[in-house]
Amino acid sequence: LILSILATLTILAGTWFYSGLTKDLPSVQLFPILLNQDNGTLLEPTRLYDRSGQQLLYTIAPNNEPRTYIKFADIPPSLVNATLVLADPGFWTHPGFTLEDWRNPDSHATLAQKLVSDLLLYNEPASIQRSIRERLLAGQITAQYRRDKVVEWYLNSAYFGHQVYGVQAASFFYFGIPANNLDLSQCAMLAEISQAPALNPVDTPQYAEQRRLETLQIMLAFN
């Protein structure tokens, strides 16, 4: 009887805990809406208006044009590889998340976790519960969408400093060319900027160059 009661209480506690974790959990189906290549809401530059909402005061972007979205097929493989060796070396094998450092809500060890943290859970206070919710959603988007789509979304929404979002805008801003024309060295540079936007070749050229060389060495070690 005692064992039956304990088992029942355990089940009830587990159900209550899971219910709390998944309450108001955002839907991963928001990603195709936010990052739709034609009219995604995140592809528009941030614009500041006056109190009336009619007069545009300032556009927070390198220019007034919408951010250009590019598909995975148009992203250089070297940029994908450089990004993964720096941000998510186990990308092709893990389920979209890791349990590494799960008690630290500021740690986002995979691309899927970074996407969830930045785009779905950005307004939730840091906590262990948020950390677990992040992993639940990261597993969902990895299972529901192709892994190349996760990379595509990540590189099209990543911040590269100087109010530049997305790899296409970053390629034009730093090198004056479209992303599909990037060479290996330039791919390594953009990959490291996406991990530390403040250490870019405009603001910190020496650090950026050092990190570019380090990225190339890491890529060589992974080959």
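Values reported hereafter were calculated over all heavy atoms of this structure, with side chains retained and with hydrogens, waters and symmetry mates removed. Just so you know, these numbers come straight off a predicted model, no measurement behind them. FYI, the numbering just counts along the sequence from 1.
Between the OG1 atom of Thr215 and the CG atom of Asn81 there is a distance of 12.5 Å, given to the nearest 0.5 Å. Atom OG of Ser127 sits about 8.5 Å away from atom CZ of Arg133, to the nearest 0.5 Å. One distance of note links CG of Leu99 with OG of Ser131; it measures 9.5 Å at 0.5 Å rounding. Here the CG atom belonging to Leu115 is positioned 10.0 Å from the CD atom belonging to Glu134, to the nearest 0.5 angstrom.
Between Arg212 and Ser185, the side chains place a donor N or O and an acceptor N or O closer than 3.5 Å (distance only, hydrogens not considered). Looking at Gln206 and Gln210, their side chains never bring a donor and an acceptor atom within 3.5 Å of each other.
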Discussion item. Under the criterion side chain to side chain contact (heavy atoms under 4.5 Å, CB included), I'd like the reasoning laid out for Tyr159 against Asp118: C-alpha separation, chi angles, the key distance, then a yes or no.
Written reply: CA-CA 11 Å; Tyr159 180 57; Asp118 292 342; over 6 Å; no
Item to complete: Could you please spell out the steps behind the side chain to side chain contact (heavy atoms under 4.5 Å, CB included) verdict for Leu84 and Trp92?
Response: CA-CA 9 Å; Leu84 293 182; Trp92 298 108; 3.3 Å; yes
Worksheet item: Stepwise, does the side chain to side chain contact (heavy atoms under 4.5 Å, CB included) test hold for Phe172 with Thr68?
Response: CA-CA 11 Å; Phe172 276 113; Thr68 303; over 6 Å; no
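With hydrogens and angles ignored, the 3.5 Å screen pairs no side-chain donor or acceptor of Arg135 with any backbone N or O of Gln113. The backbone N or O of Val164 lies less than 3.5 Å from no partner atom in the side chain of His162, so there is not a single donor-acceptor pair. Remark: side-chain polar atoms of Ser171 are paired, donor with acceptor, to backbone N or O of Ile177 under 3.5 angstrom. Judged by distance alone, the side chain of Asn156 and the main-chain N or O of Glu152 form a donor-acceptor pair under 3.5 Å. Judged purely by atom type and a 3.5 angstrom limit, Asp88 uses its side chain to pair as donor or acceptor with the backbone of Leu111. Proximity of a side-chain donor or acceptor of Thr110 to a complementary backbone N or O of Gly96 within less than 3.5 Å is detected. A donor-acceptor pair is defined here as one N or O able to donate and one able to accept, closer than 3.5 Å; no such pair exists between the side chain of Asn104 and the backbone of Asp101. Judged by distance alone, the side chain of Arg130 and the main-chain N or O of Leu121 form a donor-acceptor pair under 3.5 Å. Here the side chain of Tyr174 pairs a donor or acceptor atom with the backbone of Phe160 at under 3.5 angstrom.
The minimum heavy-atom distance between Pro76 and Ala179, with the atom names listed, is CG-O, 3.0 Å. Considering all non-hydrogen atoms of both residues, Ala82 and Ala188 come closest at CB-CA, 4.3 Å. When all heavy atoms of Tyr69 and Lys149 are compared, the pair lying nearest together is OH-NZ, 4.3 Å. Between Leu79 and Ala191 the shortest heavy-atom distance is CD1-N, 4.1 Å. Taking each heavy atom of Val28 and Tyr145 in turn, the nearest pair found is O-OH, 3.6 Å. Residue Ser157 comes nearest to Tyr165 through the heavy atom pair O-CD2, 3.7 Å, listed as atom of the first residue, atom of the second, then distance.
In this structure, Phe97 has its ring center at least 6.0 angstrom away from the ring center of Trp102.
The cluster map of Ile, Leu, Val, Met, Phe, Trp and Tyr, joined by side-chain heavy atoms under 4.5 Å apart, puts Leu199 and Leu190 in different clusters. Hydrophobic clustering, with ILVMFWY side chains joined whenever heavy atoms are under 4.5 angstrom apart, groups Phe175 together with Ile75.
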